[in-house]
Amino acid sequence: MGYNYVAERDMKVFVVEDSAAVRERLVEMIRELEDVEVVGEAATYDKAVAGIINARPDVAILDIKLEDDSGSGIDVLNQVRKAIPAMRAIVLSNYVSPQHLKASSDAGAEFFLDKSSDFERIPEILARIRDGVHAR
């Protein structure tokens with residue numbers, strides 16, 4: 001007697017943000033979503049790269065500006081993309097420019113959000129990713 005069993009699992013999200021207050025707010029917003037789990041947080045380039053590679057999230061939310069000068073959120077994405085090519089990415093910034101948008105897109109980010117106007121869209125975007133709807 002055989003049957004197929006597909007294990008449902010929460011979508012895993014990793015948050016990379018230099019501001020502790022913004023990071024906490026992001027984590028709170030994500031935890032309110034059903035079937036979505038925060039699997040790590042980081043404020044620096046090195047901790048972000050190590051954390052993402054270790055946690056292997058489905059989605060990373062990356063701020064461009066990080067706590068140290070080792071690299072940006074875009075640099076993190078470029079680095080981890082090799083190890084986790086299927087990971088989806090959302091880049092956040094207070095500094096929205098065509099250069100940042102292009103660099104984010106080139107690194108494989110699917111979404112580029114302005115923190116000041118798009119921040120509240122994150123739960124909706126995560127829910128769409130979770131539900132398998134592509135927004136390209």
Side-chain angles (χ1 to χ4, degrees):
M1 200 191 259
Y3 58 91
N4 290 334
Y5 175 72
V6 177
E8 291 287 326
R9 67 169 184 85
D10 288 351
M11 182 174 80
K12 300 187 299 184
V13 179
F14 197 99
V15 177
V16 180
E17 166 63 55
D18 64 323
S19 161
V22 174
R23 201 168 55 247
E24 280 175 32
R25 179 69 186 117
L26 276 168
V27 169
E28 272 176 33
M29 288 167 59
I30 296 165
R31 288 200 171 126
E32 289 171 10
L33 291 169
E34 230 175 272
D35 303 324
V36 180
E37 171 190 7
V38 176
V39 294
E41 311 172 28
T44 65
Y45 172 85
D46 290 334
K47 287 182 180 169
V49 169
I52 288 171
I53 288 178
N54 186 45
R56 303 194 73 76
D58 300 298
V59 179
I61 299 174
L62 305 122
D63 184 13
I64 289 180
K65 175 103 179 67
L66 300 180
E67 207 171 76
D68 58 356
D69 292 324
S70 300
S72 69
I74 295 169
D75 296 326
V76 170
L77 183 54
N78 277 316
Q79 185 63 38
V80 301
R81 177 66 64 204
K82 300 168 194 143
I84 314 168
M87 183 186 78
R88 313 282 287 274
I90 300 168
V91 172
L92 286 173
S93 184
N94 283 321
Y95 311 100
V96 177
S97 71
Q99 293 83 0
H100 284 132
L101 177 58
K102 179 171 178 2
S104 298
S105 179
D106 289 349
E110 220 168 314
F111 300 93
F112 183 81
L113 304 178
D114 181 339
K115 270 192 211 175
S116 60
S117 61
D118 297 327
F119 194 81
E120 298 300 322
R121 290 184 51 216
I122 291 170
E124 165 215 332
I125 290 169
L126 288 171
R128 278 201 317 216
I129 293 172
R130 179 197 62 207
D131 297 341
V133 176
H134 301 285
R136 285 192 175 209

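Note that the structure is predicted; figures quoted are calculated from it, not measured. As a basis for the values below, the full set of heavy atoms in this structure was taken, side chains included, without hydrogen atoms, waters or symmetry mates. Throughout, numbering of the chain's residues begins at 1 and tracks the sequence.
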Are [Y] and [X] linked, directly or through intermediate hydrophobic residues, by side-chain heavy-atom contacts shorter than 4.5 Å (ILVMFWY only)?
X: I122; Y: V91; answer: no
X: V13; Y: L92; answer: yes
X: L66; Y: V15; answer: no
X: V39; Y: V27; answer: no
X: L62; Y: V80; answer: yes

Measure across [X] and [Y] and return the closest heavy-atom pair with its distance rounded to 0.1 Å.
X: E67; Y: D18; result: N-CB, 3.4 Å
X: A107; Y: I74; result: CB-CG2, 4.0 Å
X: A60; Y: I52; result: CB-CD1, 4.2 Å
X: L77; Y: G108; result: CD2-C, 4.2 Å
X: D68; Y: Y45; result: OD1-N, 3.3 Å
X: I30; Y: I61; result: CD1-CD1, 3.8 Å

For a 4.5 angstrom cut-off between non-hydrogen side-chain atoms, does [X] reach [Y]?
X: V36; Y: D58; value: no
X: V59; Y: M87; value: no
X: L26; Y: F119; value: yes

Are [X] and [Y] ion-paired here, with the side-chain N under 4.0 Å from a carboxylate O?
X: R23; Y: E41; result: yes
X: D63; Y: K115; result: yes
X: K65; Y: E17; result: no
X: E28; Y: R31; result: no

Could you grab the distance from atom [atom1] of [X] to atom [atom2] of [Y], nearest 0.5 Å is fine?
X: I64; Y: L101; atom1: CD1; atom2: CG; value: 9.0 Å
X: M11; Y: R88; atom1: CE; atom2: CZ; value: 8.5 Å
X: R25; Y: S19; atom1: CZ; atom2: OG; value: 12.5 Å
X: F111; Y: I129; atom1: CZ; atom2: CD1; value: 4.5 Å
X: I90; Y: E110; atom1: CD1; atom2: CD; value: 8.5 Å
X: D106; Y: R81; atom1: CG; atom2: CZ; value: 12.0 Å

| said: Would you call the rings of Y95 and H100 parallel, tilted or perpendicular, taking 30° and 60° as the class edges? | reply: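 Ring orientation, 0 to 90° scale: tilted.
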Mark yes or no for whether R130, through its side chain, and I125, through its backbone, hold a donor-acceptor pair below 3.5 Å.
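Side chain of R130 to backbone of I125: no pair is present.
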Using only atom types and a distance under 3.5 Å, with no angle test, would you say the side chain of R121 pairs donor to acceptor with the backbone of L113?
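Answer holds: no.
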Tell me, with the steps shown, if D114 and S116 meet side-chain hydrogen bond (donor to acceptor under 3.5 Å, both in side chains). CA-CA 5 Å; D114 181 339; S116 60; 2.7 Å; yes
Crowding at NZ, K47 (>12 non-hydrogen neighbours, <6.0 Å)
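At most 12 heavy atoms, drawn from other residues, nucleotides or ligands, come within 6.0 Å of this atom.
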